[in-house]
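Side chains included, hydrogens not; waters and symmetry mates left out as well; all remaining heavy atoms used.
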Amino acid sequence: MSVIVTEFVTLDGVAEDPDGSGGTATGGWAFRHGPEAVAGDKFRLGTLLETGTLLLGRTTWELFSKLWPGRTDEFSARLNAARKLVVSRTLTDVSAWQNSTLLPGDPIEVAERHDGDLIVIGSLGVAQALGRRGLVDEYRLLVFPSLAGPAAGSSTARRPPTCGWSPARRSAPRC
């Protein structure tokens, strides 16, 4: 079992609001590089989408449930067919996107007990919670040549999860 976190991130480490749907001052930075920069299987998930389970936070799931179901290319078909666990305290219905199951509990419990690969796409809160507990086995980051952090005027920008490295750790985690 592996937990894999995938994130779009800027050169200065910002992962928040890559598409601009969050309405932040610097949002949309990933899409300023054209649709080809974010299209398809950029994180090389391949068959993991068929054998693993997506673990998504509410905000990411709500966005994806509007974007992906109508798409039919190979990557979209795999993403749509994938099993999805949705972490939320407020959602009551996840039928808008096939194979979605509401997870009202703790994503940490799921990661500790799940018998297969878990793939976190976006979902910064979920990724950070798992990273803080040392449950992330691999980070796949797609770095964009953009600045969106405090130097670019955003003092509230959320950062991607750390790899869990510390001087006390004997080996570096896979990032």
Grab the two heavy atoms, one from Arg71 and one from Ser76, that are nearest each other, plus how far apart they are.
CB-OG, 3.3 Å
Smallest separation among heavy atoms of Ser100 and Val86, with atom names
CB-CG2, 4.2 Å
State the CG-CD1 distance between Leu55 and Ile119, to the nearest 0.5 angstrom.
10.0 Å
Taking every heavy atom of Leu102 against every heavy atom of Leu91, the minimum-distance pair comes out as CD2-O, 3.3 Å
Measure from the side-chain N and O atoms of Asp117 to the backbone N and O of Met1, and report whether any donor-acceptor pair falls under 3.5 Å.
no
Flag, side chain of Asp12 to backbone of Ala148, donor-acceptor distance under 3.5 Å:
yes
Between Asn80 (side chain only) and Gln98 (backbone N and O only), is there a donor and an acceptor less than 3.5 Å apart?
no
With distance as the sole test, does Glu50 use its side chain to make a donor-acceptor pair with the main-chain N or O of Arg78 at under 3.5 Å?
no
Tell me, which pairs form a ring pair (Phe, Tyr, Trp, His ring centres under 6.0 Å) where one or both residues lie in residues 33-55, sequence neighbours left out?
Phe8-Phe43, His33-Phe144
To the nearest 0.5 Å, what is the distance between CD (Glu7) and CD (Gln128)?
8.0 Å
Between Ser123 (side chain) and Val126 (backbone), is there a donor-acceptor pair under 3.5 Å?
no
Check for me whether Lys84 meets the cation-pi criterion with Trp61, that is, NZ or CZ under 6.0 Å from the six-membered ring centre and within 45 degrees of the ring axis.
no
How many angstroms lie between CG in Leu118 and CG in Leu135, if you round to the nearest 0.5 Å?
10.0 Å
Looking only at non-hydrogen atoms, find the nearest pair between Ser146 and Thr10 and report the distance.
O-CB, 3.2 Å
So does Glu62 pair up with Arg58, basic N to acidic O under 4.0 Å?
yes
For the pair Ile121 and Leu56, evaluate side chain to side chain contact (heavy atoms under 4.5 Å, CB included) and give the outcome as yes or no after the intermediate values.
CA-CA 7 Å; Ile121 301 175; Leu56 304 170; 4.2 Å; yes
Do the side chain of Arg140 and the main chain of Lys42 share a donor and acceptor less than 3.5 angstrom apart?
no
Whether Asp17 side chain and Ser21 backbone form a donor-acceptor pair below 3.5 Å:
yes
Using modelled atom types only, decide if a donor and an acceptor are shared between the side chain of Thr60 and the backbone of Gly57 within a distance under 3.5 Å.
no
Side chain to side chain contact (heavy atoms under 4.5 Å, CB included), paired with Leu48, selected from Thr53, Asp41, Ile4
Ile4
Leu147/Trp29 under side chain to side chain contact (heavy atoms under 4.5 Å, CB included): CA gap, chis, key distance, verdict:
CA-CA 8 Å; Leu147 299 174; Trp29 46 264; over 6 Å; no
Using atom types as modelled, flag every donor-acceptor pair under 3.5 Å from a side chain in residues 106-113 to any protein atom, sequence neighbours excluded.
| from | atom 1 | to | atom 2 | distance (Å) |
| --- | --- | --- | --- | --- |
| Asp106 | OD1 | Ile108 | N | 2.9 |
| Glu112 | OE2 | Arg133 | NH2 | 3.4 |

Donor-acceptor pair, distance only, cut-off 3.5 Å: does the side chain of Thr6 make one with the backbone of Tyr139?
no
Note, Leu142 side chain near Val9 side chain (heavy atom, < 4.5 Å)
no
Applying side chain to side chain donor-acceptor pair (under 3.5 Å) to Thr59 and not counting sequence neighbours gives none
Minimum heavy-atom separation for Trp97 and Ser65, please, with both atom names.
CB-CB, 3.8 Å
For Leu54 against Leu79, the heavy-atom pair lying closest together:
CD1-CD1, 3.6 Å
